[in-house]
Amino acid sequence: MTINADAQELAALRSLSASIGRDPHLTQAAGGNTSLKAGDTLWIKASGTWLKDALAEDIMVPVAIPPLIRAVEQRDPAADQPQGFAVEALNARKLRPSIETTVHALMPQRVVLHVHCVDTISLALQADCEAQVAKRLDGLEWAYVPYRRPGLPLAQGIAERLRPGVDVLILANHGLVVAAETVAGAEALLRRVTRFLARPPRKVAEPNLVALTALIGRSGYRLPADVEAHAVAIDPESCRMASGGSLYPDHVIFLGQGSVVARPGEDVMRVTERCGTAPVAILFPGLGVLMRGDASAGANAMQRCLADVTARVDVAAKLNYLTAAENDELINWDAEQYRQKLNAAGN
Ligand SMILES: [Zn+2]
């Protein structure tokens with residue numbers, strides 16, 4: 001590839017990234033990331049930035065591939081801090097590369113797309129995920145990767161499952177990775193896989209906005225940014241799934257551990273008293289969802305994601321939740337604290 005061809009592919013990738021970022025069924029908030037390998041350099045989305053901004057802003061960071069791969073192979077903790085591998089001479093905005101940089105570096109293909117597709121996540125949190133995906137992706141070269149924390153642990157989990165020719169990864173309790181030699185090829189594969197994995201959501205009634213508004217009282221809580229977010233509280237099956245705990249990492253990052261469900265007769269003030277803290281979101285069964293007044297755009301996007309994901313999960317399926325230790329390692333993780341800080345500052 002010549003420098004010109006790389007520049008054209010990077011421009012095409014930015015355009016595709018922006019379109020992926022605008023689709024809440026493919027990515028939410030600062031989640032998801034895309035990359036292009038140009039020689040020994042990996043151009044990858046910066047941590048904390050939103051894919052939807054890929055055209056309006058320069059959100060791609062250059063990273064040196066060979067030393068990063070060596071660090072992953074040697075299980076060097078430095079691989080969990082990909083900013084140490086950024087090519088600073090080309091990193092004008094001094095952004096940090098995505099915390100999922102190692103995932104992209106490990107895939108041999110030139111273009112890698114990682115999305116938090118709601119259909120994929122809805123399958124990826126079912127205990128029977130592998131069998132369900134096998135039925136839908138028959139004929140494709142795909143691999144199932146058990147849940148690991150994003151970053152070095154996930155990269156090692158992928159390395160254990162990667163076989164020659166694999167260009168689709170289903171990440172348990174997390175999302176989807178597709179890879180190809182060109183941006184057009186990666187986009188075509190993404191469209192194909194997401195079409196195969198698509199499931200219709202269960203239909204729900206409209207939120208009860210009058211009742212919700214009355215429950216706010218003087219609490220300062222608000223209606224969620226997207227009306228679609230209410231479905232997780234209105235649909236009894238979705239509400240049951242949400243009440244069981246945390247289902248995927250970005251939920252924990254943006255909304256905290258699990259979901260807070262109001263008990264009969266409770267308003268916002270009573271829920272807050274019972275919890276001893278004001279949750280970012282409260283689910284009122286049968287009525288809808290309320291968000292704390294200072295909830296970020298990212299928190300709003302993730303609350304809608306929870307509704308979109310749970311509405312697609314098979315109601316008879318056994319679900320895998322993140323364990324207490326898995327919740328803790330997300331909440332106390334330096335790289336995530338950095339991403340949250342950017343989220344709070346920018347959005
Ligand atoms: Zn991810």
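Along the sequence shown, residues are numbered consecutively beginning with 1. Please read these numbers as outputs of a predicted model, since none were measured by experiment.
Open room surrounds CD on Glu206; 12 or fewer heavy atoms of other groups in view lie less than 6.0 Å from it. Applying the 6.0 Å contact sphere to CZ of Arg163 captures more than 12 heavy atoms from other residues, nucleotides or ligands. Within 6.0 Å of CZ on Arg240 lie more than 12 heavy atoms contributed by other residues, nucleotides or ligands. Shown here is Arg292, whose CZ atom has more than 12 heavy atoms of other residues, nucleotides or ligands within 6.0 Å. By the 6.0 Å contact criterion, CZ on Arg75 is open, its count of non-hydrogen atoms from other residues, nucleotides or ligands being 12 or less.
Hydrophobic cluster membership is shared by Val87 and Trp43, with clusters built from Ile, Leu, Val, Met, Phe, Trp and Tyr side chains linked at under 4.5 angstrom. A single hydrophobic cluster is not seen to contain both Val145 and Ile121; linkage of ILVMFWY side chains at heavy-atom distances under 4.5 Å, directly or through other members, places them apart. Leu51 is connected to Val178 through a chain of hydrophobic side-chain contacts under 4.5 Å among Ile, Leu, Val, Met, Phe, Trp and Tyr, so both are in one cluster. Placement of Ile282 and Leu287 within a single hydrophobic cluster is found when ILVMFWY residues are connected by side-chain heavy-atom separations under 4.5 Å, directly or transitively. When the side chains of ILVMFWY residues are joined at heavy-atom separations under 4.5 Å, either directly or via intervening members, Val115 and Val133 end up in a single hydrophobic cluster.
Val63 is not listed as a side-chain neighbour of Thr41, based on a closest heavy-atom distance of 4.5 Å or more. The shortest distance between side-chain heavy atoms of Asp6 and Arg110 falls below 4.5 Å. The shortest side-chain heavy-atom distance between Ile331 and Val252 falls under the 4.5 Å cut-off. With a 4.5 Å cut-off on side-chain heavy atoms, Thr310 and Leu247 count as touching. In this structure, Ile170 and Leu137 have side chains that are in contact, with non-hydrogen atoms separated by less than 4.5 Å. For the pair Arg14 and Asp58, the minimum side-chain heavy-atom distance is below 4.5 Å. Counting only heavy atoms from C-beta outward, the side chains of Glu326 and Arg149 never approach each other to under 4.5 Å. Contact check for Tyr248 versus Leu306: side-chain heavy atoms found under the 4.5 Å cut-off.
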### Task
Check step by step if side-chain hydrogen bond (donor to acceptor under 3.5 Å, both in side chains) holds for Asn300 and Gln303.
CA-CA 5 Å; Asn300 272 280; Gln303 191 59 45; over 6 Å; no

### Message
Let's go through Thr34 and Val111 carefully: what are the C-alpha distance in whole Å and the side-chain angles of both, what is the deciding distance for side-chain contact (heavy atoms from CB on, under 4.5 Å) to 0.1 Å, and is it a yes or a no?
### Response
CA-CA 8 Å; Thr34 58; Val111 179; over 6 Å; no

### Task
Show your working on side-chain hydrogen bond (donor to acceptor under 3.5 Å, both in side chains) between Asp128 and Gln126 and close with a plain yes or no.
CA-CA 5 Å; Asp128 62 351; Gln126 293 190 193; 2.8 Å; yes

### Task
Take Thr213 and Val210, measure what side-chain contact (heavy atoms from CB on, under 4.5 Å) needs, and give me the verdict at the end.
CA-CA 5 Å; Thr213 305; Val210 174; 5.9 Å; no

### Query
side-chain contact (heavy atoms from CB on, under 4.5 Å) between Gln28 and Arg304: does it pass, once the steps are laid out?
CA-CA 9 Å; Gln28 310 80 26; Arg304 179 198 170 156; over 6 Å; no

### Query
For Leu290 and Ile216, what are the C-alpha separation, side-chain angles and deciding distance, and is it a side-chain contact (heavy atoms from CB on, under 4.5 Å)?
CA-CA 8 Å; Leu290 290 174; Ile216 291 175; 3.6 Å; yes

### Task
Determine, step by step, whether Ser98 and Ser47 satisfy the side-chain hydrogen bond (donor to acceptor under 3.5 Å, both in side chains) criterion, reporting the C-alpha distance in whole Å, the side-chain angles of both residues, the deciding distance to 0.1 Å, and the verdict.
CA-CA 4 Å; Ser98 162; Ser47 177; over 6 Å; no

### Task
Determine, stepwise, if the pair Glu181 / Lys37 fulfils salt bridge (charged side-chain N to carboxylate O under 4.0 Å, His left out).
CA-CA 9 Å; Glu181 291 306 319; Lys37 297 179 186 80; over 6 Å; no

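Considering every non-hydrogen atom in both Ala301 and Ala29, the closest pair reads CB-N, 3.9 Å. Minimum heavy-atom separation, Gln132 to Leu123: CB-CD2, 3.8 Å. In terms of heavy atoms, His251 sits closest to Gly258 at NE2-O, 2.7 Å. Closest approach of Gly21 and Thr27 over heavy atoms only: CA-CG2, 3.3 Å. Residues Pro285 and Cys239 come closest through the heavy atom pair CG-SG, 4.2 Å. Considering all non-hydrogen atoms of both residues, Ala281 and Val289 come closest at CB-CG1, 4.4 Å.
Using a cut-off of 4.0 Å between Lys/Arg side-chain N and Asp/Glu carboxylate O, Arg199 and Asp119 are scored as not salt-bridged. Salt bridge status for Arg270 with Glu273: absent, with no side-chain N to carboxylate O gap under 4.0 Å. Look at Glu100 and Lys45 and you find no salt bridge, because none of the NZ, NE, NH1 or NH2 atoms lies under 4.0 Å from a carboxylate O.
Looking only at distances, a side-chain donor or acceptor of Glu266 sits under 3.5 Å from a matching main-chain atom of Arg263. Judged by distance alone, with hydrogens and angles left aside, the side-chain atoms of Asp226 form no donor-acceptor pair with the main-chain N or O of Ala229 at under 3.5 Å. At distances below 3.5 Å, at least one donor-acceptor pair connects side-chain atoms of Asn332 with backbone N or O atoms of Asp328. Between the side chain of Asn327 and the backbone N or O of Thr323 there is at least one donor-acceptor pair closer than 3.5 Å. Between the Ser238 side chain and the Val232 main chain, no donor and acceptor come within less than 3.5 Å of each other. Although no hydrogens or angles enter the test, the distance criterion places a donor-acceptor pair under 3.5 Å between the side chain of Tyr321 and the main chain of Met241. Between the side chain of Arg161 and the backbone N or O of Tyr144, at least one donor-acceptor pair lies under 3.5 Å. For the pair Glu9 (side chain) and Val183 (backbone), a donor-acceptor distance under 3.5 Å is present. Counting only distance, with no hydrogens or angles, the side chain of Gln109 and the backbone of Val166 share a donor-acceptor pair below 3.5 Å. Listed for the Asn173 side chain is a donor-acceptor partner under 3.5 Å among the backbone atoms of Asn320.
For His174 and His114, the ring centers are positioned less than 6.0 Å apart.
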